[in-house]
Amino acid sequence: MKKKTKQALSIGMMAILTIGLVSGCGSGKKEKVAEEKKEDKKKIVVWGPIPEENGPQDVCDHFMEEHPDIEVEYVRYVNDDQGNVKLDTALMSGEQIDVYFTQFEDYYVKRIEAGMAETLDPLLEKDGFDIQEAYGDGVWQYEGKTYGLPTNYDHQFVWINEKMFQEAGIEIPTSWTWDEYAEITKKLTKDADGVKIYGGFMKWQDVGRLMGRGQVLGADSFYKSDTESNFDDPVYQQTLELFDRMMLQDGSHMNFVEATNSKLEPYGEFLSGKVATCISAPWITRYINDQEKYPHDFKTVAAPLPITEGSEHNYGWPGLTGVIMMNPATAQKEAAYDFIKYYGTEGQKYMCRAGKIPSWTGIDPEVALNEMLGENAEELFDVDSFKNVIFDEKIERYYNTKFNKLPELERIWKEEVERFVTGEQDQESTLANAKERGDQELK
């Protein structure tokens, strides 16, 4: 009996051992396959200016669901001078950046000329991707070549505190000139319990692209010719006069020095009730919708950007921006292109809640606006005013065709205007210096 039991135990142990060995072999094989699959998986690194929680991570997650063989890592950089320098430095140092975003045309040109942008035309052509059909007019190009796809339609306009206008007995305009805007913001400026409430807030760097040279001159406004700058055009003087009137004489807008030194943002001052109006783009809807962080008791109304009276044209913001580009140094060109195409088309629907109006014609504008204004739209916004302003068909769009020394001309105008609004130099010197420096660059 004992002998039989021993034999049975011995057979049982051998069976367990055999199963264990077979199981172990199978497990090792599975791990090896998993490891090989992991090695086959491509990884791309994307640098963008929007916080990942405000839409980009959603785009990345949905892309990875559709492309399980591609892993996407999103890295956020701040879209200011310091943040753009950080991006440029990383690109030049050879750090892995496969895809990145560029918001302003001067940086776009600078990166192309520095060899930090891949031409997408061969990939687009191979893919049968029609730029005109996808976006209409206004896609940024450089010397006839495409270096990126626009991921949103940017549109600057005036954001109005309805309550403050009602209390002041001022009718909200559906069209107005810069002179009328200056008068209204002056009337809205007041002291409330020892705190100054400003009629308006603007980032002159952004608005300076619109007033005068943008609205009146449209494309290529810096150039009188290929070898001469246009800083002696009357619209530059008009722009300085308007800044002087609103910031320095009327005091209806916060002084540039105070706003810059305190790192104040238009949406923050607007939602805290410290300004009656601000000029900005649709992305601030995400802050208006965040009632927990930015509680406020007024409805926001959209009004069109004021126009320059008497001008033949009144162009709007150039429009198509948030350009997504490829680093020529990428080792994953196909994966990078797949992501660029996805973000530049259907992926844009996940960015609406971040206040980004889709540039891709494949997304219904009404659906995008509803998503952008959020669940409490009727409570927080005058919805009809936003429809009228954002989808205003009268707005003329423009885009530059000349790029010679464009980043340098942008920098010159910025530096000279800073000296003007800080009181370092007068209007005449500002224009003369800009003209002299601009001509030197072009010659």
Side-chain angles (χ1 to χ4, degrees), residues 48-60 62 74 76-80 83 101-104 150-162 201-203 206-207 210 264-272 275 277-296 298-305 316-324 343-360 363-392 395:
I50 302 170
E52 50 267 43
E53 66 273 15
N54 288 328
Q57 193 58 54
D58 284 343
V59 181
C60 293
H62 284 91
Y74 183 84
R76 196 240 172 155
Y77 74 92
V78 180
N79 187 38
D80 57 15
F101 288 79
T102 298
Q103 299 298 109
F104 297 119
T151 60
N152 66 276
Y153 171 59
D154 210 357
H155 186 30
Q156 297 265 340
F157 50 91
V158 184
W159 301 68
I160 286 174
N161 180 322
E162 183 183 57
F201 190 113
M202 64 172 73
K203 281 198 164 184
D206 290 342
V207 180
L210 297 165
L264 301 177
E265 291 289 343
Y267 66 85
E269 300 304 288
F270 179 70
L271 292 174
S272 63
V275 300
T277 72
C278 73
I279 296 177
S280 193
W283 55 267
I284 72 171
T285 53
R286 63 178 181 254
Y287 299 103
I288 295 173
N289 277 308
D290 190 350
Q291 284 281 73
E292 189 176 329
K293 196 170 181 181
Y294 299 97
H296 55 286
F298 61 87
K299 188 176 279 192
T300 300
V301 186
L305 201 71
W317 188 251
L320 302 180
T321 183
V323 178
I324 186 168
Y343 207 119
T345 55
E346 60 184 290
Q348 292 183 33
K349 62 189 173 188
Y350 304 110
M351 295 303 300
C352 296
R353 67 183 177 87
K356 296 295 183 182
I357 304 170
S359 60
W360 186 48
I363 296 176
D364 185 339
E366 289 278 347
V367 173
L369 182 66
N370 292 337
E371 184 73 17
M372 187 177 82
L373 298 184
E375 295 175 2
N376 302 315
E378 295 295 337
E379 178 190 335
L380 297 174
F381 302 95
D382 181 305
V383 177
D384 286 339
S385 71
F386 277 83
K387 285 181 182 177
N388 293 336
V389 169
I390 291 176
F391 304 129
D392 185 356
I395 293 174

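Heads up: numbering here begins at 1 and tracks the sequence.
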Exercise for review: Using a 4.5 Å cut-off on heavy atoms from C-beta on, say whether the side chain of Glu162 contacts that of Ser385.
Suggested key: no
Check your understanding: Could you state the interatomic distance from CG (Asp58) to CD (Glu53), rounded to the nearest 0.5 Å?
Key -> 10.5 Å
Review point. Can you tell me how far CG of Asp154 sits from CD of Gln103, rounded to the nearest 0.5 angstrom?
Key: 7.5 Å
Practice item. Considering non-hydrogen atoms only, spot the tightest contact between Cys278 and Ile284 and give its length. Key: SG-CD1, 4.2 Å
Study note, to complete from the structure: Heavy atoms of Leu320 and Pro150 approach each other most closely as CB-CB, 3.7 Å
Study note, to complete from the structure: Rounded to the nearest 0.5 angstrom, the OG1-CZ distance for Thr300 and Phe270 is 4.0 Å
Exercise for review: Nearest 0.5 Å please: distance from the CD1 atom of Ile363 over to the CD atom of Glu346.
Suggested key: 8.5 Å
Point to revise | 4.5 Å side-chain heavy-atom contact, Met351 and Val59 | key: yes
Check your understanding: How long is the gap from NZ on Lys293 to CG on Leu271, to the nearest 0.5 Å?
Key -> 11.5 Å
Point to revise | 4.5 Å side-chain heavy-atom contact, Gln348 and Ser359 | key: yes
Practice item. Answer yes or no: is there a side-chain heavy-atom contact under 4.5 Å between Ile390 and Phe157? Key: yes
**Study point:** Within-4.5 Å side-chain heavy-atom neighbours: Glu379 and Gln291
**Key:** yes
Check your understanding: Are Leu373 and Leu380 close enough, and set up right, to give a side chain to side chain contact (heavy atoms under 4.5 Å, CB included), and what steps lead you there?
Key -> CA-CA 8 Å; Leu373 298 184; Leu380 297 174; over 6 Å; no
Review point. When you look at Lys356 and Thr151, which way does the side chain to side chain contact (heavy atoms under 4.5 Å, CB included) test go after all the steps?
Key: CA-CA 8 Å; Lys356 296 295 183 182; Thr151 60; over 6 Å; no
Check your understanding: Side chains of Tyr267 and Ser280: closer than 4.5 Å at any heavy-atom pair?
Key -> no
Exercise for review: Measure across Trp159 and Pro282 and return the closest heavy-atom pair with its distance rounded to 0.1 Å.
Suggested key: CZ2-CA, 3.6 Å
**Study point:** Flag side-chain contact, heavy atom, 4.5 Å: His296 against Ile288
**Key:** yes
Review point. Are side-chain heavy atoms of Ile160 and Phe298 found at a separation under 4.5 Å?
Key: no
Check your understanding: Which atom names give the shortest non-hydrogen contact between Arg286 and Pro51, and what distance separates them?
Key -> NH2-CD, 4.3 Å
Exercise for review: Give me the ring orientation class for His155 and Tyr153: parallel if the planes are under 30° apart, tilted from 30 to 60°, perpendicular past 60°.
Suggested key: parallel
Practice item. Identify the residue among Tyr350, Trp360, Phe101 that makes a ring-ring contact (aromatic ring centres under 6.0 Å, His included) with Tyr343. Key: Phe101
Study note, to complete from the structure: When every non-hydrogen atom of Gly83 is compared with those of Tyr77, the smallest separation belongs to O-CD1, 3.7 Å
Review point. Salt bridge or not for Glu265 and Lys203, using N-O below 4.0 Å?
Key: yes
Check your understanding: Of the non-hydrogen atoms in Pro358 and Ala368, which two are nearest, and what is the gap between them?
Key -> CD-CB, 3.5 Å
Review point. Where the side chain of Arg76 meets the backbone of Pro49, is there a donor-acceptor pair that is under 3.5 Å apart?
Key: yes
Check your understanding: If you measure from CH2 on Trp283 to CD1 on Ile357, what distance do you get to the nearest 0.5 Å?
Key -> 13.5 Å
